[in-house]
Amino acid sequence: MLAILVCAMALSVSVPLRTYIGQRDELAELEQREHQLSQEVQRLEERKAELSDPHRLEAEARRRLGYVRPGETPYIVELPSQEEKESAKKAAASEAKPWYQRLWNTFTGEGK
């Protein structure tokens, strides 16, 4: 009889205990998420304060959007990529070889 009573009490305590542990873990996750969101809000508030300055806003528009004032001439400089540099080096090395070596490389596939 005592064993049945102990089992019944253990079963009646186990369900609320499992719920309590699950809610505690969920609460810890929510607190961590709240902390991350508060950091993001703080960062966005700082960004908003930075962009309230008209000079900073103009510099940002020029840099990100490419805006220019009336009468200014915009220039865009495009630097060659690494792939273009490598292909130019290969072409120069290929041109330095004699014609018969280049012909042989086309048959063997070494020039690719």
Side-chain angles (χ1 to χ4, degrees):
M1 195 56 106
L2 184 62
I4 294 174
L5 183 62
V6 168
C7 288
M9 288 181 65
L11 288 175
S12 66
V13 170
S14 67
V15 173
L17 183 64
R18 185 180 68 197
T19 305
Y20 169 74
I21 292 172
Q23 287 177 348
R24 189 179 62 181
D25 292 340
E26 184 179 349
L27 180 63
E29 290 174 9
L30 289 174
E31 287 175 347
Q32 180 183 6
R33 178 75 177 142
E34 180 187 14
H35 180 70
Q36 290 173 347
L37 289 174
S38 66
Q39 285 180 341
E40 185 177 352
V41 165
Q42 182 181 3
R43 183 183 58 83
L44 290 173
E45 291 285 338
E46 291 170 0
R47 180 77 173 142
K48 180 182 172 185
E50 286 178 4
L51 292 178
S52 66
D53 179 28
H55 297 291
R56 178 77 174 167
L57 186 62
E58 180 183 350
E60 191 75 19
R62 286 176 173 268
R63 184 180 61 85
R64 291 179 57 198
L65 303 174
Y67 282 12
V68 293
R69 289 187 175 265
E72 292 181 343
T73 305
Y75 293 99
I76 298 175
V77 179
E78 292 184 14
L79 300 174
S81 67
Q82 188 66 22
E83 294 173 359
E84 291 174 355
K85 290 178 184 178
E86 290 176 5
S87 65
K89 286 180 184 179
K90 286 181 183 179
S94 167
E95 291 297 323
K97 295 179 183 179
W99 67 270
Y100 52 86
Q101 184 68 39
R102 289 190 306 237
L103 180 66
W104 181 253
N105 286 344
T106 58
F107 288 123
T108 60
E110 294 176 13
K112 295 180 181 178

Members besides Leu65 in its Ile/Leu/Val/Met/Phe/Trp/Tyr cluster (side-chain heavy atoms under 4.5 Å): Tyr67
Rounded distance [0.5 Å steps], CG in Asn105 versus OH in Tyr100: 11.5 Å
Reported OG-to-CE distance for the pair Ser14 and Met9, which is rounded to 0.5 angstrom: 12.0 Å
Distance, nearest 0.5 Å, that separates CZ of Arg56 from CZ of Arg47: 6.0 Å
More than 12 heavy atoms of other groups within 6.0 Å of Ile4 CD1: no
Salt bridge (Lys or Arg N to Asp or Glu O under 4.0 Å) assessment of Glu58 paired with Arg62: CA-CA 6 Å; Glu58 180 183 350; Arg62 286 176 173 268; 3.2 Å; yes
Shortest non-hydrogen contact between Leu51 and Leu57, atoms and distance: O-CB, 3.9 Å
Greater than 12 external heavy atoms within 6.0 Å of Glu34's CD: no
Point-to-point distance, once rounded to the nearest 0.5 Å, from CD of Glu31 to CD of Glu29: 11.0 Å
Flag for Gln39-His35: side-chain donor and acceptor within less than 3.5 Å: yes
Gln23 side chain near Leu27 side chain, heavy-atom distance below 4.5 Å: no
From Asp25 atom CG to Leu30 atom CG, the distance as rounded to the nearest 0.5 Å: 11.0 Å
Sidechain-backbone polar pair: Glu72 side chain, Arg69 backbone, donor-acceptor under 3.5 Å: yes
Glu46/Arg43 salt bridge by N-O under 4.0 Å criterion: no
